[in-house]
Amino acid sequence: MSYSTETQVAIAAAIQAAQLCQAVRRAIPEAMEKTDKSPVTVADYGSQAIICRAIAQSFPSDAIVGEEDAAELRRPEMADTLQKITSYVGALIPDATPEQVAGWIDRGNGTVAPRYWTLDPIDGTKGFLRQDQYAVAIALVEQGEVKVGVLACPALPGPGGETGVLYVAVRGQGATQVPLKGGNPTPLKVVSSEDVAHFRFVESVESSHGDRSRQEAVAQAVGITTESMRIDSQAKYGIVASGQAVLYLRLPSPKSPDYRENIWDHAAGAIVVEEAGGKVTDMYGKPLDFGTGTKMVDNRGVVVSNGAIHDQVIGVLAQS
Ligand SMILES: Nc1ncnc2c1ncn2[C@@H]1O[C@H](COP(=O)(O)O)[C@@H](O)[C@H]1OP(=O)(O)O
Ligand SMILES: [Mg+2]
Ligand SMILES: [Mg+2]
Ligand SMILES: [Mg+2]
């Protein structure tokens with residue numbers, strides 16, 4: 001299958017969602033707190049509304065599994081917030097009403113099915129709030145395997161020095177990057193292990209999302225001598241796919257050993273790296289399974305590499 005309509009719909013939605021996020025960020029948004037204590041902003045909700053609307057319009061029978069939902073926004077005391085979200089959405093979709101916006105957000109309440117979409121409207125909300133990196137991530141999954149991934153990184157410097165990169169991958173068709181503002185797509189290729197300047201690793205900015213000391217020890221054991229790059233969100237997958245690092249390590253935090261990764265935090269990034277010639281598994285070398293549900297219950301941690309060093313990394317992890 002070529003997935004050309006799916007890819008075009010996801011690209012257009014990611015670009016619009018990224019525009020909304022940047023508009024919100026220029027106004028210095030405040031964080032609201034979700035029931036799990038994690039932050040969310042009007043941009044997370046607006047981005048999900050834009051993306052779900054676009055997917056639902058082109059693929060009405062497809063399930064969509066998004067990070068956010070509108071239950072909180074429908075409470076009467078949240079009317080002003082929903083109105084604010086609606087005005088940001090309305091800048092891109094004129095005449096959108098608060099009721100429509102809430103409905104589009106809730107279109108993302110679907111469950112994992114033989115064919116489904118998953119999206120993270122803002123991956124790295126903490127980075128977004130810090131004016132650091134974040135991503136808009138959209139993926140199409142069939143039979144537990146990611147087929148299309150689109151990752152917009154609005155604050156990431158691209159190869160030409162411009163700010164804002166769009167990563168696109170289709171199973172069996174390779175991966176490309178293109179300036180988010182538009183331009184010519186260029187193929188993505190992971191870096192060779194002989195490229196000393198890029199023989200480095202990337203990890204989260206948030207120390208509680210990983211195991212920093214173990215990540216450093218593993219990197220050293222495979223011969224990485226430089227300090228880690230720290231970047232929020234799935235932008236880390238883009239960094240590996242574009243050859244700016246050989247390795248991304250996300251090992252379970254000792255503070256939350258039972259944490260399971262969400263499908264929307266990895267689906268788009270993973271296919272971008274795989275189609276750029278790299279490899280993505282959990283810390284035991286198992287492929288990430290996008291067919292088990294919202295949480296990847298059968299996987300622990302994530303290892304992303306240029307492929308060449310992958311077995312060595314998994315070997316080190318097995319012995320440490
Ligand atoms: N304890 C944890 N371990 C790993 N990832 C986490 C943990 N808590 C939250 N996350 C997720 O990490 C992602 C941010 O990525 P990064 O750390 O690479 O910048 C977010 O999607 C966030 O989930 P959530 O979407 O619920 O906020
Ligand atoms: Mg998110
Ligand atoms: Mg996320
Ligand atoms: Mg979140």
Side-chain angles (χ1 to χ4, degrees), residues 14 17-18 20-21 24-25 29 31-52 64-70 72 85 105 108-109 118-139 149 151-156 201-212 214-215 228-240 245 247-270 272-273 280 282-283 288 290 294-297 299-304:
L20 181 146
C21 293
V24 173
R25 193 148 93 150
M32 296 173 271
E33 199 171 76
K34 293 202 283 190
T35 47
D36 67 358
K37 303 272 183 219
S38 68
V40 66
T41 72
V42 293
D44 299 65
Y45 290 119
S47 172
Q48 177 150 330
I50 298 267
I51 296 165
C52 288
I64 310 176
V65 185
E67 181 185 351
E68 312 302 343
D69 75 74
E72 189 70 9
I85 297 163
I105 293 169
N109 278 335
T118 188
L119 70 109
D120 195 336
I122 292 188
D123 182 39
T125 305
K126 287 177 182 165
F128 177 76
L129 286 162
R130 261 192 264 107
Q131 303 282 327
D132 281 339
Q133 293 305 322
Y134 69 99
V136 175
I138 307 173
L151 195 61
C153 299
L156 198 64
F201 81 108
V202 60
E203 63 185 356
S204 178
V205 174
E206 297 291 332
S207 59
S208 65
H209 293 178
D211 184 343
R212 286 255 176 95
R214 193 169 180 199
Q215 284 157 198
S228 67
M229 302 166 77
R230 288 183 180 155
I231 299 177
D232 295 286
S233 83
Q234 283 170 74
K236 290 185 277 299
Y237 282 98
I239 295 293
V240 174
L247 182 64
Y248 161 25
L249 289 172
R250 187 181 195 81
L251 303 177
S253 163
K255 284 186 205 142
S256 46
D258 296 329
Y259 186 81
R260 293 295 189 284
E261 301 286 343
N262 295 306
I263 48 176
W264 54 73
D265 285 330
H266 298 281
V272 168
V273 166
V280 181
D282 73 2
M283 63 187 286
L288 299 185
F290 293 96
T294 298
K295 299 221 172 263
M296 295 191 279
V297 290
N299 295 115
R300 284 289 217 303
V302 180
V303 175
V304 181

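Values below: all heavy atoms of this structure, side chains included; hydrogens, waters and symmetry mates excluded. Fair warning: this is a prediction, and the values are worked out from it, not measured in the lab. Atoms within each ligand, like the ligands themselves, are counted from 1 in listed order.
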CA sep, side-chain torsions, deciding dist, call: Arg214, Glu203, salt bridge (charged side-chain N to carboxylate O under 4.0 Å, His left out) = CA-CA 11 Å; Arg214 193 169 180 199; Glu203 63 185 356; over 6 Å; no
ask   = Just by distance, do the side chain of Lys236 and the backbone of Ser233 share a donor-acceptor pair under 3.5 Å?
value = yes
ask   = How long is the span from the OH atom in Tyr248 to the OG atom in Ser204, to the nearest 0.5 Å?
value = 6.5 Å
message = What does the 4.0 Å heavy-atom contact list look like for ligand 1?
response = Glu67, Asp123, Ser204, Ser208, His209, Asp232, Ser233, Lys236, Arg250, Ser256, Tyr259, Glu261, Asp265
ask   = Name of the Glu67 N, O or S atom nearest the Mg ion (ligand 2)?
value = OE1
task = Kindly say whether Arg230 contributes a backbone atom to a donor-acceptor pair with the side chain of Gln133 at under 3.5 angstrom?
result = no
key: Under 2.8 Å: N/O/S of Ile122 next to the Mg ion (ligand 2)   = yes
key: Gln48 and Glu68 side chains, donor-acceptor separation under 3.5 Å   = no
Cation-pi geometry met for Lys295 and Tyr259 (6.0 Å, 45°) = yes
task = Applying side-chain hydrogen bond (donor to acceptor under 3.5 Å, both in side chains) between Thr125 and each of Thr41, Asp44, Asp120, report the one that passes.
result = Asp44
ask   = So what does the Asp120 OD2 - the Mg ion (ligand 3) - Asp265 OD1 angle come to, to 10°?
value = 90°
message = So does Ala137 get a backbone contact from the side chain of Asp123, meaning a donor-acceptor N/O pair under 3.5 Å?
response = no
ask   = N/O/S of Asp123 less than 2.8 Å from the Mg ion (ligand 3)?
value = yes
